[in-house]
Engineer: 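Below is the structure I would like to discuss, written out as structure tokens.
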Amino acid sequence: MIKEKVKAAQDRQKSYDDKRRKPLEFQVDDHVFLKVSSVTGVGRALKSRNLSPKFIGPFKVLSKIAPLTYQTAPPLNLSNLHPVFHVSKVMKYVSDPSHVIDHDPVQVRENLSCNVYPVRIADHSVKQLRGKEIPLVKVIWSSSDEGDATWKTETRIRELYPELFV
């Protein structure tokens with residue numbers, strides 16, 4: 001009698017779970033996101049941060065190993081991960097052109113430095129410091145936009161780039 005009651009409870013719980021479950025099926029060459037957790041091993045592979053992403057990717061599906069397991073192609077920086085994952089650890093990636101981020105064309109030298117120069121001065125300000133007034137200028141650089149501008153002392157910028165004040 002106890003076994004019958006346990007079996008009935010299990011069947012009831014299974015029916016509840018099956019109502020919410022969506023069958024996930026991926027094709028070869030589809031792209032998926034990988035869930036970041038300590039179970040998948042990705043949590044140990046990435047630096048642990050408070051605001052770390054829940055999913056990483058997208059990764060290309062290389063093959064279907066079993067009905068619920070797929071082999072992916074992780075990048076070289078995650079080569080310590082096993083490439084086979086269960087469907088519960090992946091999420092389908094729907095391609096969207098707005099997700100593509102164009103990289104800024106930055107010319108990097110052999111010593112890993114790049115050449116930036118000031119384009120214009122966006123703003124002026126005066127900082128009060130113990131009775132002293134320090135004039136500051138907001139400089140827009142060649143490799144950035146308005147949000148990445150920096151505040152520099154006016155005297156230093158006048159010395160290095162006098163053409164900005166003409």
Side-chain angles (χ1 to χ4, degrees), residues 1-123 136-152:
M1 188 166 130
I2 294 174
K3 285 184 182 182
E4 291 174 7
K5 295 280 187 180
V6 169
K7 175 72 172 143
Q10 287 175 344
D11 290 342
R12 186 172 47 253
Q13 292 298 324
K14 183 180 181 327
S15 70
Y16 294 154
D17 195 43
D18 288 345
K19 284 181 185 176
R20 295 184 306 148
R21 180 172 291 152
K22 292 183 273 182
L24 289 177
E25 185 105 7
F26 302 108
Q27 304 299 323
V28 175
D29 294 334
D30 280 353
H31 285 81
V32 294
F33 285 116
L34 180 61
K35 187 173 187 176
V36 176
S37 70
S38 60
V39 175
T40 59
V42 178
R44 290 187 300 268
L46 299 174
K47 279 188 172 181
S48 175
R49 297 181 196 147
N50 288 342
L51 300 175
S52 62
K54 292 185 181 184
F55 292 92
I56 59 170
F59 303 118
K60 186 176 180 180
V61 174
L62 297 178
S63 64
K64 184 175 184 177
I65 305 295
L68 297 176
T69 54
Y70 294 91
Q71 181 179 6
T72 62
L76 293 175
N77 62 343
L78 296 176
S79 62
N80 59 341
L81 291 179
H82 196 277
V84 178
F85 296 99
H86 190 266
V87 292
S88 64
K89 301 299 176 195
V90 294
M91 179 176 74
K92 186 171 178 103
Y93 170 69
V94 178
S95 180
D96 186 359
S98 67
H99 293 163
V100 177
I101 299 172
D102 294 329
H103 297 287
D104 293 334
V106 176
Q107 298 294 330
V108 180
R109 296 189 200 114
E110 289 182 19
N111 62 357
L112 298 179
S113 64
C114 62
N115 204 6
V116 292
Y117 52 90
V119 176
R120 63 184 170 90
I121 294 176
D123 197 7
L136 299 174
V137 290
K138 187 176 185 180
V139 181
I140 306 294
W141 298 95
S142 62
S143 65
S144 66
D145 58 355
E146 183 101 16
D148 292 337
T150 57
W151 287 95
K152 300 287 183 183

Engineer: Quick test of your reading: applying salt bridge (Lys or Arg N to Asp or Glu O under 4.0 Å), list the pairs with at least one residue in residues 71-87, sequence neighbours left out, ordered by first then second residue.
Structural biologist: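 Qualifying pairs: none.
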
Engineer: When rounded to the nearest 0.5 angstrom, what is the spacing between NZ in Lys138 and CD1 in Ile121?
Structural biologist: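 Rounded to the nearest 0.5 Å, the NZ-CD1 separation comes out at 12.5 Å.
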
Engineer: Measuring from His86:NE2 to Leu24:CG, what's the distance to the nearest 0.5 Å?
Structural biologist: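 His86 NE2 to Leu24 CG: 9.5 Å, rounded to 0.5 Å.
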
Engineer: So, do Tyr70 and Asp30 sit near enough that their side-chain heavy atoms are less than 4.5 Å apart?
Structural biologist: no

Engineer: My understanding is that only residues two or more places apart in sequence, or in another chain, count here; which of them pass side-chain hydrogen bond (donor to acceptor under 3.5 Å, both in side chains) with Lys14?
Structural biologist: Asp18

Engineer: List, one per line, each side-chain donor-acceptor pair under 3.5 Å for residues 57-64, sequence neighbours excluded.
Structural biologist:
from, atom 1, to, atom 2, distance (Å)
Lys60, NZ, Asp29, OD1, 3.4
Ser63, OG, Gln71, OE1, 3.2
Lys64, NZ, Glu25, OE2, 2.7

Engineer: Hey, could you give me the NE2/CZ distance between His31 and Phe26, rounded to the nearest 0.5 Å?
Structural biologist: 12.5 Å

Engineer: Check side-chain contact (heavy atoms from CB on, under 4.5 Å) between Arg20 and all other residues, then give those that pass, not counting sequence neighbours.
Structural biologist: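 Once residues adjacent in sequence are excluded, the partners of Arg20 under the side-chain contact (heavy atoms from CB on, under 4.5 Å) criterion are Asp17.
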
Engineer: With sequence neighbours left out, what residues match Thr150 under side-chain hydrogen bond (donor to acceptor under 3.5 Å, both in side chains)?
Structural biologist: Trp141

Engineer: Can you check whether Leu34 reaches Thr72 side chain to side chain, under 4.5 Å on heavy atoms?
Structural biologist: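 They are not in side-chain contact.
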
Engineer: My understanding is that only residues two or more places apart in sequence, or in another chain, count here; which of them pass side-chain hydrogen bond (donor to acceptor under 3.5 Å, both in side chains) with Lys7?
Structural biologist: Asp11

